[in-house]
Each structure stands twice: as C-alpha cells, then as structure tokens.
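See below for the structure under consideration.
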Amino acid sequence: MEEANVLEAKDGTISVASAFAGHQEAVKDRDHKFLTKAVEEAYKGVDCGDGGPFGAVVVRNDEVVVSCHNMVLKNTDPTAHAEVTAVREACKKLNQIELADCEIYASCEPCPMCFGAIHLSRIKRLVYGAKAEAAIAIGFDDFIADALRGTGFYQKANLEIKRADGNGAFIAEQVFEKTKEKFRMY
C-alpha cells in the first residue's frame, strides 16, 4: 500500500501528499488533457456562432461525460453558459441530479451563476484555465457578486436588488415550511 505524507502549511491548511513520486505530475497531465478539451470547445462555440469563447467538460472516472460550449446565442438563452450547459447535459446523460462523482473542467473561471450550478450539482472538483479578468478584458462581465456584496444596485443593467417587505416575504418563506414533508432531496 502506498504511503501518504500529511503536510501542514503555515496558514493551517492540511494536505495529503502521495509518496508516489509521479502522482502530482500525472494529475497535472490529466488536468491539462481535459482542460485542453474545454478550450477546444470554446473555440468550437465561437467558430460555429453558438456563443462566447467558453467551454466546459464534465469527467467521471477519467472519461468525458459531456463536452459543451457556450450556447447563449444559438439558444437565445442568457443562462446557456458552457458550465451550466455541461451540468445540464451531464445530469440528463447520467439520469441524476447529483454529479458528486464527477469533475468539471472550464476554459475560464466560472461566473457566479455557473459556480452556483457547479455547487448545486455537487461536482467534486473544478479546474479552470483563464481568470475572469481575461473575459472581462474583452467585454464579458459578471459583476453580480459585486452587487450582492453591498452596492444594492447592479450597474450594467440598472437593476435594483431589494428583498420584499412584509407579507410578500412572509408568504414566500411559508412555501418552504408547508412543503418540507413532501419534498426532501437529501
């Protein structure tokens, strides 16, 4: 059996390193392989006019489950980002709503919506290539997180963000209490 070394960093984080000398190199090569496929999807999406330069690949047991690109223009759907499309297609293909035994490779750092989809699907690992700033530099922006952090106003779309007052908030919260026995996911 292979020996593992437990390492504690100065910041208190703990990691386990395999005694197998080539383990990290093998992971790096594997990540490169699947990330390259995500980047190829990004080019494919742009070349065929489906959407922006974003690609994503969902992998399970070292096999590609789905390989998708941004479909915003083709589907006339602002939520059809590569990662969301990949999560949707992988769930359909595997006939399950949790992808806990899967990984996702994204050509670019996911926007908040895509990160939310990745999180909700319970994907176990995310590897991305480009930083969000690379997309922002050519005109793509997702400053939703900034709006939710405290400005209360989403500048690009002139969208006011406000929680309902009084009875509206109360009746919306009741739906959870009234349905909790009928709808249990976990």
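Keep in mind that this is a model prediction, so the values were computed, not measured.
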* Asked: Please walk me through it: do L99 and R122 pass side chain to side chain contact (heavy atoms under 4.5 Å, CB included)?
  -> CA-CA 6 Å; L99 302 173; R122 307 291 192 249; over 6 Å; no

* CD on E25 to NZ on K28, rounded to 0.5 Å -> 5.0 Å

* Asked: Does the side chain of Y128 come within less than 4.5 Å of C108's, by heavy atoms?
  -> no

* Asked: Do any pairs count as a ring pair (Phe, Tyr, Trp, His ring centres under 6.0 Å) and have a residue in residues 31-79, sequence neighbours left out, and if so which ones?
  -> F34-Y105, F54-F140

* Determine, using the 4.5 Å side-chain heavy-atom cutoff (strictly less than), whether V65 and V57 are members of one ILVMFWY cluster. => no

* Indicate if L126 and V58 have the same hydrophobic cluster label, given that clusters are the connected sets of ILVMFWY residues with side-chain heavy-atom separations under 4.5 angstrom. => yes

* To do: Using atom types as modelled and distance alone, determine if a side-chain donor or acceptor of N61 lies under 3.5 Å from a backbone N or O of E63.
  => no

* Asked: Is there a donor-acceptor contact under 3.5 Å from the side chain of K74 to the main chain of G49?
  -> no

* Using atom types as modelled and distance alone, determine if a side-chain donor or acceptor of S107 lies under 3.5 Å from a backbone N or O of G55. => yes

* Asked: Heavy-atom distance under 4.5 Å between the side chains of D77 and M71, does that happen here?
  -> no

* Any idea which heavy atoms bring P53 and I138 closest together, and the distance? -> CG-CD1, 4.4 Å

* **Interatomic distance, L120 atom CG to I97 atom CD1 [nearest 0.5 angstrom]** => 10.0 Å

* Asked: Who are the side-chain hydrogen bond (donor to acceptor under 3.5 Å, both in side chains) partners of E177, not counting sequence neighbours?
  -> K180

* Give the C-alpha distance, both sets of side-chain angles, the deciding distance and a yes or no for side chain to side chain contact (heavy atoms under 4.5 Å, CB included) between E83 and I123. => CA-CA 11 Å; E83 299 90 337; I123 285 177; over 6 Å; no

* Between R88 and S121: side-chain donor-acceptor atoms closer than 3.5 Å -> no

* Asked: Does a salt bridge link D31 with K37, judged by any charged N lying under 4.0 Å from a carboxylate O?
  -> no

* **Nearest-0.5 Å distance, CG of residue D47 to CD of residue E40** => 11.5 Å

* To do: Report yes or no: do V59 and V127 belong to one cluster of Ile/Leu/Val/Met/Phe/Trp/Tyr joined by side chain heavy-atom distances under 4.5 Å?
  => yes

* Just how far is it from atom NE2 of H81 to atom CG of N70, taken to the nearest 0.5 Å? -> 6.0 Å

* Structure fact -> Hits for side-chain hydrogen bond (donor to acceptor under 3.5 Å, both in side chains) against E103, two or more places apart or cross-chain, chain-then-number order -> R30, R125

* Please answer whether the main-chain N or O of A100 pairs with a side-chain N or O of E98 as donor and acceptor at a distance below 3.5 Å. => no

* L94/C102 under side chain to side chain contact (heavy atoms under 4.5 Å, CB included): CA gap, chis, key distance, verdict -> CA-CA 11 Å; L94 299 172; C102 296; 4.0 Å; yes

* Structure fact -> Tightest non-hydrogen contact, residues V84 and C114, listed as CG2-SG, 3.9 Å

